[in-house]
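Have a look at the structure below before the remarks.
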Amino acid sequence: MNKRIGRIFKGDKVIWMVFFFLCMISIVEVFSASSGLTYKSQNYVGPIAYHAFTILAGVVVAIITLNIPCRYFKLMTPFLILISVVTLLWVLLAGTKVGDAGRWINLFGFTFQPSEIAKGTIVLAVAQILAAMQRENGADKKAFKWILWILLPACVLIGLENLSTAAMLFAVVFLMMFIGLVPMRQLAKLAIVIVALAVVALSMVMLVGHEITDEEKQLTKTEQLDQPKQKKNFVEKMFHRADTWKSRIMKFGKAKPTPQEYDLDKDAQVAHANIAIVSSGIIGKGPGQSTERDFLAQAFSDFIYAIIIEELGILGAGFVVFLYIILLYRCARIASRCENNFPAFLAMGLGLLLVVQAAFNMMVAVGLAPVTGQPLPLISKGGTSTIINCAYIGAILSVSRSAKVKKEKEITPNMA
């Protein structure tokens, strides 16, 4: 029996344990945080049954992916790049909108975000470039140029609808280039250019964007449709989400009011997330005992970490952070043992992708960053995003299982 289980759950055992704990936390906390969905659907079991099925499907995808030798991932890159480009253009031209963001594609009854596929594709491509252009003293100078040719168009296509995802992807690739020993002079120049472009983009957002007032937020969809639509010029169409971006920046930059001055009707997400955190204590209220889940929008997704803090306390929240740290550490450990460069860069890139996104989400929940809409990987309720994240875990496990390992003398430090 143990041998059969071992044949199925192959690869790094620690990553499997981290994956298991994250999935269990996800099922418990999403079940607790989905009270709004159960109220709307009048179905107590439906939302959590769907999420549990998604997690189970993700585990199957992870098992399938880990059984693919990592060298074959290279063959998938051209097809994944083609799919990413087509779907990203598709979502810009005819994407399904939720709120003011058109990030989704509805295909044969399934809705997914092309950016989720594009993130892994870019990491896969960058890993190949860094591996192919490694020299004795680090990466060849030309590697930097080839990476930018792939990264920048992807970030632009993603950023028009999902700026936070584009920024996160750029940060991950920048870290991969740093790990891949791309010349520091090139990275420094890139950092300066990005800061300059960020200042220009921020200026454009503040100039073109209109800060959304609380009265406008409270308008019903019918009232919004009845309002006369103003024609937008090219710049306004390119920055059609500038209103949302400006509102988030302005709110984050404002001085925090005292508890007595706080108005729960204004910026309710941040307000109720703060209430959930401050009412948690060391051990929390207990699983399923959250009160803020009934008031916090997207409690099961963007702000699930606030619910985790409320129910599991500082200890539970710290345990979740610890799991992501262990995940990144094991990816680094796997990468250090790889004889070839490609699987090493792939494992580190995918590990960074998951952990950096988790850091984004947790920083938003505790008020250290403006609201971005990034879910907590492997914990937040999701459909295709959850399954794709499970595929990333499967790819890391594939590297741990099938990548050629360095000889013991090369990985064991000299004790003499």
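FYI, side chains are in, hydrogens and waters are out, and symmetry mates aren't considered; it's all heavy atoms of this structure. Throughout, numbering of the chain's residues begins at 1 and tracks the sequence.
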Within this structure, what is the [atom1]-[atom2] distance for the pair [X] and [Y], rounded to the nearest 0.5 Å?
| X | Y | atom1 | atom2 | answer |
| --- | --- | --- | --- | --- |
| Q289 | I307 | CD | CD1 | 12.5 Å |
| T384 | I117 | OG1 | CD1 | 7.5 Å |
| L346 | N340 | CG | CG | 12.5 Å |
| C155 | I194 | SG | CD1 | 8.0 Å |
| Q134 | N341 | CD | CG | 5.0 Å |
| I308 | M362 | CD1 | CE | 9.0 Å |

If you compare all heavy atoms of [X] against all heavy atoms of [Y], which two are closest, and at what distance to 0.1 Å?
| X | Y | answer |
| --- | --- | --- |
| H51 | S26 | NE2-OG, 2.7 Å |
| S402 | P69 | OG-CA, 3.7 Å |
| A347 | I334 | CB-CG2, 4.5 Å |
| L323 | V18 | O-CG1, 3.5 Å |
| F73 | S398 | CE1-OG, 3.8 Å |
| T65 | G394 | CG2-C, 3.7 Å |

Could you check whether any side-chain N or O of [X] sits under 3.5 Å from a backbone N or O of [Y], counting only pairs where one atom can act as donor and the other as acceptor?
| X | Y | result |
| --- | --- | --- |
| Y305 | P375 | no |
| Q186 | V182 | no |
| N361 | Q357 | no |
| W16 | K10 | yes |
| R401 | L66 | yes |
| E311 | E29 | no |

Taking atom types as modelled, is there a side-chain donor on [X] or [Y] under 3.5 Å from an acceptor on the other?
| X | Y | value |
| --- | --- | --- |
| S385 | Q113 | no |
| S115 | T165 | no |
| S164 | Q374 | yes |

*Report the C-alpha separation of V126 and L151 in whole Å, then their side-chain angles, then the decisive distance to 0.1 Å, and conclude whether the side-chain contact (heavy atoms from CB on, under 4.5 Å) test is met.*
CA-CA 8 Å; V126 170; L151 175 64; 5.6 Å; no
So do [Y] and [X] actually touch side chain to side chain, heavy atoms under 4.5 Å?
| X | Y | result |
| --- | --- | --- |
| L130 | I179 | no |
| Y324 | L22 | yes |
| F342 | L124 | yes |
| Q128 | F345 | no |
| V366 | I309 | yes |
| I81 | I122 | no |
| S400 | I15 | no |
| L397 | F19 | no |

*Answer yes if the ring centres of F319 and F21 are under 6.0 angstrom apart, and no otherwise.*
yes
*L89 atom CG, neighbour heavy-atom count above 12 within 6.0 Å*: yes
_Matching residue for I147 among I129, L190, L152 - test: side-chain contact (heavy atoms from CB on, under 4.5 Å)_ =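 Running side-chain contact (heavy atoms from CB on, under 4.5 Å) over I129, L190, L152 with I147 returns exactly one hit, I129.
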*Do T386 and T54 pass the side chain to side chain donor-acceptor pair (under 3.5 Å) test, and can you show the C-alpha distance, the side-chain angles, and the key distance before you say yes or no?*
CA-CA 7 Å; T386 298; T54 304; over 6 Å; no
*Determine, stepwise, if the pair C23 / L378 fulfils side-chain contact (heavy atoms from CB on, under 4.5 Å).*
CA-CA 6 Å; C23 289; L378 303 172; 5.6 Å; no
